[in-house]
Amino acid sequence: METSRWRPFGSPSFRQQLTTLTLLAGVIAAGLTAAGMIAYEVVWFQGQLRSSSSSIADILGSNISAALAFDTRSDVSKSLAALVGERSVVRASVFNAQKHFVAGYARKDQPAAVTNPVSPEEAVQQSSGLIVVRPILLDHEVVGYLTVESDLSILHERVAVYSSITVLFALLSLTIAYAASRRMQTWISAPLLQLEAAARQVSSHRDYSIRVEKGGEDELGAVMVAFNEMLHEIQVRDKRLSDSAQNLESEVLARTRALIEANARLSRAKEKAEAAATAKGEFLATMSHEVRTPMNAVIGFTGLLLETNLSAQQRDWVETVRGSGEALLAILNDILDFSRAEAGRLGLEKIPFAPEAVVEEAIDLVGERARRKGLRIGFYPTPAVPPLVRGDPGRLRQVLLNLISNAVKFTEVGEIRVRADVPSGDGAATIIRFDVIDTGIGIPIGAQKSIFDAFTQADSSTTRRFGGTGLGLAICRRLVEAMGGEIGLSSQPGKGSNFWFAVPLAQVQTENETASEFSGKRVLIVDEDEPERALLQRRLERIGVTVDSADNVDALAQGDACGGGGEHGFDVVLLGTKHARIEGISLAKALHSDSRLGNARLIMMAHDGVLTPEDLVEAGVSASLLKPVLLTHLLKALQRTLPEDSATSPGKGAQPAAPAEAKNTPPLSILVAEDNLINQKVLKSQLWRMGYQAAFVQNGREAVEAAAGRQFDIILMDCQMPEMDGFEAARQIRKAHSQTTIVAITANAMPRDRDLCLASGMDDYLAKPIQPSDLARVLNNVAVRAEAPSTLAAPTGPVPTEPVHASIK
Ligand code: ADP
């Protein structure tokens with residue numbers, strides 16, 4: 001803490017301070033000595049004056065006593081005159097016994113003698129001097145009085161002399177002290193000044209190499225040593241600091257250089273990788289195109305071949321060829337999908353769709369294989385699953401199909417249950433969880449972790465036994481993750497697996513959930529299996545059907561007048577049974593004889609298979625379904641079963657139209673633009689099988705010319721053709737014919753291909769190899785539109801807008 005000091009002369013230098021201190025000490029010493037001596041002199045002199053004045057008075061008194069007694073004034077005066085020799089006596093007066101003035105003496109420099117007598121006292125001390133009064137005795141008798149007055153003039157003179165001598169000596173001693181202090185200062189101040197100069201230099205130049213010269217062994221010497229040591233310490237630390245700063249700098253430089261180099265390497269690698277990715281993409285697109293063209297022929301022609309009369313051996317061979325072709329196509333699609341996923345180009349759609357319908361489509365696609373293996377396959381959604389959501393139905397179906405296909409593939413006995421539930425969440429962030437549970441071979445614990453990695457299989461023997469690429473689950477995982485969800489499994493080897501995935505699917509609010517073509521119909525479900533009965537009832541009620549259910553036929557009594565959909569009767573009775581042929585037929589017959597059935601139609605649902613057309617006629621059953629029943633199958637059966645007048649407009653709420661039958665194919669004018677002769681042949685045959693005929697052209701230019709000369713209902717347009725490609729041809733045709741449906745038929749199966757097609761004015765897109773059912777759907781849509789454009793309503797089910805490559809294994 002800084003203390004403020006009183007400094008009347010500013011900040012004198014150390015040297016000045018030292019000089020002042022020395023001189024002050026000298027002055028004080030000289031002053032004190034002089035004061036002591038003068039005080040002593042004064043005291044001594046006053047004593048002297050008193051005794052000499054008393055002696056003078058005594059001698060003078062005895063001298064003048066006789067003269068006074070005889071009153072001889074002149075003698076008295078003479079005696080007094082003798083005082084001239086006494087310099088200190090100022091005045092002297094003689095009084096008689098009556099105290100009358102007799103004679104006096106006064107020094108030359110003094111006024112006349114004092115005539116007033118004073119009290120006879122020993123001596124009166126005054127500030128200016130001393131008065132001695134004496135009685136004059138003669139023979140022991142007082143004859144008069146004498147006063148002698150002395151002053152201090154001699155004392156003053158002596159004090160003046162002493163003072164002068166003291167000042168002189170003081171000056172002398174001060175001079176000597178000053179000279180001595182100057183000399184001593186060099187001893188004391190020189191090291192201090194040296195220290196100060198060194199400190200100043202260090203602070204101004206930051207030069208810690210400076211050292212002060214050690215003076216002596218005293219305290220100052222120790223201070224200087226400490227100062228030097230301190231500088232040394234600082235210098236060492238400074239050096240270390242600058243060394244490490246230098247090191248740091250060079251390290252930063254080196255690292256920056258390495259970073260720049262690494263960056264350059266990285267950007268070169270990135271460019272290379274991008275070029276490689278582009279090349280890979282192009283290669284995949286080309287490969288896909290090139291492989292799809294011959295595959296189109298293989299699958300198309302074997303399909304056609306299978307519809308001809310073949311021997312059992314030939315049928316087996318052709319089926320093998322077709323199966324192998326489809327397997328090859330599935331692998332191709334898997335690889336394409338995987339590479340798309342890897343490149344982050346999955347391109348998800350966001351359209352409204354019914355999630356339950358998508359699950360049933362996936363089950364339907366593998367249903368036949370499951371049935372052939374004797375496996376039951378059922379769908380069990382909970383009521384929480386929303387009827388309509390927004391998302392990508394194609395990709396959802398692809399994931400489900402992969403999981404259900406695997407379940408069928410790896411299960412020999414038992415059943416496959418597909419569940420859908422909403423574990424949590426509501427409103428916009430509905431998360432739907434799908435479970436595919438099988439009773440198959442299961443997956444060893446060790447293999448479960450990596451099962452979603454690409455090209456991974458639970459054990460190598462799997463490939464030998466079941467085939468497959470090990471890509472399906474990897475694609476599933478990427479698809480689910482792209483949808484913002486997660487996928488997982490639990491499995492017990494030998495007991496079965498449960499593959500699940502949960503994806504967020506925004507719920508779409510529907511104005512009237514229950515409105516459908518079946519609204520208001522009355523259905524009775526008779527089935528012993530309570531859970532299945534309840535599930536079916538709930539799902540039918542959701543689409544507006546009025547449902548009653550019972551575990552045996554006695555329930556018919558409820559629908560008293562089962563008279564063909566009357567106000568109280570049932571329109572349809574769904575009869576559930578274990579064995580379609582054994583107990584089903586007899587039960588149906590018995591029911592027919594029961595008047596309570598009235599006009600209600602009978603639909604049989606059995607575990608062990610469906611009835612043949614002959615059995616259906618024999619038992620009087622309108623349709624036969626396999627249990628567990630899929631709603632889509634049941635609705636189709638209801639559509640066929642219910643009398644024409646009782647169904648509402650066709651198409652509303654229906655699944656995509658079934659392929660047209662050759663015999664009732666509506667007339668359509670079709671143009672096919674395809675340069676590949678094999679593909680032309682395949683298409684020609686497929687169209688022929690469906691009862692259509694088409695005009696064929698070789699390229700885009702010819703297509704434009706053909707379209708100019710005639711109005712076609714539909715043009716099937718290949719994309720890559722010589723002279724003019726399909727895109728340009730579509731653009732030109734679209735300008736003149738806004739009504740003509742133009743559908744791309746192409747082996748370009750990448751998502752951007754579809755966008756290119758739509759951008760050039762085409763309406764739809766079919767990927768090669770063309771599935772007859774897809775072709776039929778497209779043609780049927782055009783036919784329906786041509787026949788009754790005003791009654792056509794948008795289907796509520798999903799219409800695939802891009803080729804979905806779900807491999808059915
Ligand atoms: P793959 O084309 O080989 O079937 P996937 O990725 O679909 O490829 O499956 C990888 C492996 O996971 C399969 O080879 C099989 O070993 C195992 N796997 C998948 N699903 C099941 C299942 N439901 N039951 C038993 N193993 C399964």
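Predicted model only: the values in this text are computed from it and were never measured. Atoms within a ligand are numbered from 1 in the order they appear, just like the ligands themselves.
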Determine, using heavy atoms of Asp438 and all atoms of ligand 1, whether some pair is separated by less than 4.0 Å. yes
Numbering the atoms of ligand 1 from 1, which are under 4.0 Å from a heavy atom of Leu471? 6 (O), 8 (O)
CZ/Arg419: more than 12 non-hydrogen atoms of other groups inside 6.0 Å: no
Glu360 CD to Leu630 CG distance, which is reported to the nearest 0.5 Å: 4.5 Å
Would you say Phe452 contacts ligand 1, with heavy atoms under 4.0 Å as the rule? no
Please work out, at 4.0 Å between heavy atoms, whether the side chain, the backbone, both, or neither of Val436 comes within that distance of ligand 1. neither
Answer yes when Arg371 and Glu368 have at least one side-chain N-carboxylate O distance shorter than 4.0 Å, and no when they do not. yes
Report, in ascending order of atom number, the atoms of ligand 1 lying under 4.0 Å from any heavy atom of Ile451. 11 (C), 12 (O), 17 (C)
Is any NZ, NE, NH1 or NH2 atom of the basic residue among Arg376 and Glu532 found under 4.0 Å from an Asp or Glu carboxylate oxygen of the other? yes
Any heavy atom of Ser497 closer to ligand 1 than 4.0 angstrom? yes
Yes or no on side-chain contact (heavy atoms from CB on, under 4.5 Å) for Thr382 and Val422, after CA distance, side-chain angles and deciding distance? CA-CA 8 Å; Thr382 66; Val422 178; 5.6 Å; no
Pairs of nitrogen or oxygen atoms closer than 3.5 Å, one from Asn406 and one from ligand 1: do any exist? yes
In Å and rounded to the nearest 0.5 Å, what is the CG to NZ distance from Leu625 to Lys636? 11.0 Å
Determine whether the side chain, the backbone, both or neither of Ile443 has a heavy atom under 4.0 Å from any heavy atom of ligand 1. side chain
Identified side-chain contact (heavy atoms from CB on, under 4.5 Å) counterpart of Phe501 within the set Leu396, Asp435, Val436: Leu396
Check this for me - ligand 1, Gly472, N or O atoms closer than 3.5 angstrom, yes or no? yes
